[in-house]
Amino acid sequence: MAKKLKKNDDQLADAVRMSSQEIWQAGLAAFAKAQDEEGKFFSMQLFEERVLRALSSIGVPSRQEVDALHLRIDQLSAQLAALTDPPATAKKAAPKAEKPAVKKPAAKKAATKKPAAKKAK
């Protein structure tokens with residue numbers, strides 16, 4: 001019986017050893033992949049910074065500058081709309097301007113003929 005337990009213990013120890021080696025190898029593979037990805041990320045970030053610097057040097061606005069301009073345009077549009085379109089309550093309260101009365105041209109009076117005086121004969 002003692003031999004049987006020892007055999008099971010050896011198998012268990014081998015299984016634990018194999019499992020720990022697999023875990024170690026998986027960890028090394030993940031670490032190597034992370035290093036590779038970090039290198040790619042760093043290279044990409046460096047490239048983007050260089051492109052942004054080049055675009056800035058020729059006067060192309062950055063994304064933040066364009067977003068700030070869009071915000072300012074929206075604010076100015078709202079202010080303009082407030083100035084050109086008075087609120088609805090102000091429209092109702094304001095008296096309507098009366099249209100000037102259109103004068104019709106005076107009708108020509110029909111010339112009434114006076115009876116001609118009869119000449120005495």
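- The hydrophobic clustering, which links ILVMFWY residues whose side-chain heavy atoms are closer than 4.5 Å, places Phe47 and Ile58 together.
- Distance CG/Leu46 to CZ/Phe41: 11.5 Å, rounded to 0.5 Å.
- The distance from the CG atom of Leu80 to the CD1 atom of Ile73 is 12.5 Å, given to the nearest 0.5 Å.
- For Asp74, there are no salt bridge (charged side-chain N to carboxylate O under 4.0 Å, His left out) partners, not counting sequence neighbours.
- Rounding to the nearest 0.5 angstrom, the gap separating the CG atom in Leu76 from the CG atom in Leu71 is 9.5 Å.
- A salt bridge (Lys or Arg N to Asp or Glu O under 4.0 Å) check over residues 18-33, counting only residues at least two apart or in different chains, returns nothing.
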Exercise. Yes or no on side-chain contact (heavy atoms from CB on, under 4.5 Å) for Asp67 and Gln64, after CA distance, side-chain angles and deciding distance?
Worked result: CA-CA 5 Å; Asp67 289 342; Gln64 291 84 9; 5.7 Å; no

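- Note that the CG atom of Leu52 and the OG atom of Ser57 stand 11.0 Å from one another [nearest 0.5 Å].
- Here the side chain of Ser20 pairs a donor or acceptor atom with the backbone of Val16 at under 3.5 angstrom.
- Residues satisfying the side-chain hydrogen bond (donor to acceptor under 3.5 Å, both in side chains) test with Gln75, not counting sequence neighbours, are Arg72.
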